[in-house]
Amino acid sequence: MWQIAGVIIYGIPAAVRFASGSNVLPILGLLETPWIDHYVPGNLVEKTLVGAFFPGGAGAVAGEIFVSNSDGVAVKGRRKYFARLGGALVWVAAWTAFQFVGNQQNIIGPYGGNIFEYPSVYPLNFLIASLAIFTPTIVYFAKSKLQNACQKTDR
């Protein structure tokens with residue numbers, strides 16, 4: 001579920017860019033940040049929001065599931081977050097390799113730029129992935145609060 005939802009979340013900005021022909025997204029374009037050399041892009045808010053779910057968050061959940069299945073019990077505490085960190089970093093490394101190969105192909109999108117990320121942004125992807133280990137915890141917390149609120153209204 002995290003993989004599919006993450007890919008969908010990752011694909012929405014790309015689909016909007018292709019449909020509109022503009023590199024600036026309608027809503028998140030209002031939150032653009034200044035570029036910092038070639039390492040921090042102007043769409044930092046979008047990049048952080050998307051990266052929290054894919055590949056970072058999806059990789060974190062995959063790492064947690066992998067370690068839980070290999071141990072035979074659910075991981076808890078610090079071990080859970082280390083498992084998530086390992087999964088997030090492996091997943092972002094695989095996605096970065098895909099982005100690198102795509103970038104070398106130099107496929108130009110309808111907005112006039114390469115549709116793949118530039119290599120100078122890759123270290124930022126790893127930073128976002130290392131913080132994305134907390135995304136599942138935040139999502140599960142919000143889900144439990146929403147379920148509790150729904151149960152209270154059903155009574």
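In this text the structure is predicted, and so the values were computed from the model without any measurement.
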* To do: Evaluate the side chain to side chain contact (heavy atoms under 4.5 Å, CB included) criterion for residues Ile9 and Phe54: first the C-alpha distance (whole Å), next the side-chain angles of each, then the deciding distance (0.1 Å), finally the verdict.
  => CA-CA 7 Å; Ile9 291 169; Phe54 186 85; over 6 Å; no
Which distance, rounded to the nearest 0.5 Å, do you find between the [atom1] of [X] and the [atom2] of [Y]?
X: Leu85; Y: Leu89; atom1: CG; atom2: CG; result: 4.5 Å
X: Ile36; Y: Ser120; atom1: CD1; atom2: OG; result: 12.0 Å
X: Ile107; Y: Ile115; atom1: CD1; atom2: CD1; result: 4.5 Å
X: Leu44; Y: Leu124; atom1: CG; atom2: CG; result: 6.0 Å

Would you find more than 12 non-hydrogen atoms of other residues, nucleotides or ligands less than 6.0 Å from [X] atom [atom1]?
X: Tyr111; atom1: OH; value: yes
X: Tyr122; atom1: OH; value: yes
X: Phe116; atom1: CZ; value: yes

Flag side-chain contact, heavy atom, 4.5 Å: [X] against [Y]:
X: Thr96; Y: Phe126; answer: yes
X: Val73; Y: Ser68; answer: no
X: Val24; Y: Asn43; answer: no
X: Val7; Y: Ile4; answer: no

Please give me the minimum heavy-atom distance between [X] and [Y], naming the atom from each residue.
X: Ala62; Y: Gln3; value: CB-NE2, 3.8 Å
X: Gly102; Y: Asn114; value: O-OD1, 4.4 Å
X: Ala52; Y: Ala132; value: O-CB, 3.7 Å
X: Pro123; Y: Pro119; value: CD-O, 3.8 Å
X: Ala88; Y: Ala129; value: CB-O, 3.6 Å

* Asked: Hey, mind stepping through Val121 and Tyr39 against side chain to side chain contact (heavy atoms under 4.5 Å, CB included) and telling me if it holds?
  -> CA-CA 5 Å; Val121 179; Tyr39 301 103; over 6 Å; no
Are [X] and [Y] joined in one hydrophobic group, where the rule is that I, L, V, M, F, W and Y side chains link up if heavy atoms are under 4.5 Å apart?
X: Phe98; Y: Val92; answer: no
X: Ile128; Y: Val90; answer: no
X: Leu49; Y: Ile8; answer: yes
X: Leu25; Y: Phe18; answer: no

* Is a salt bridge present between Glu46 and Arg17, judged by a nitrogen-to-oxygen distance below 4.0 Å? -> yes
* Looking at residues at least two apart in the chain, or sitting in another chain, which of them share a salt bridge (charged side-chain N to carboxylate O under 4.0 Å, His left out) with Lys80? -> none
Would you be so kind as to tabulate the donor-acceptor pairs closer than 3.5 Å made by side chains of residues 136-148, with sequence neighbours excluded?
residue: Thr137; atom: OG1; partner: Tyr81; partner atom: OH; Å: 2.8
residue: Thr137; atom: OG1; partner: Arg84; partner atom: NH1; Å: 2.7
residue: Tyr140; atom: OH; partner: Trp2; partner atom: NE1; Å: 3.0
residue: Ser144; atom: OG; partner: Phe141; partner atom: O; Å: 2.8
residue: Asn148; atom: ND2; partner: Ser144; partner atom: O; Å: 3.4

* **CA sep, side-chain torsions, deciding dist, call: Val40, Trp35, side chain to side chain contact (heavy atoms under 4.5 Å, CB included)** => CA-CA 6 Å; Val40 179; Trp35 277 77; over 6 Å; no
* Asked: With a 3.5 Å cut-off and no angle check, do the side chains of Asn125 and Glu117 form a donor-acceptor pair?
  -> yes
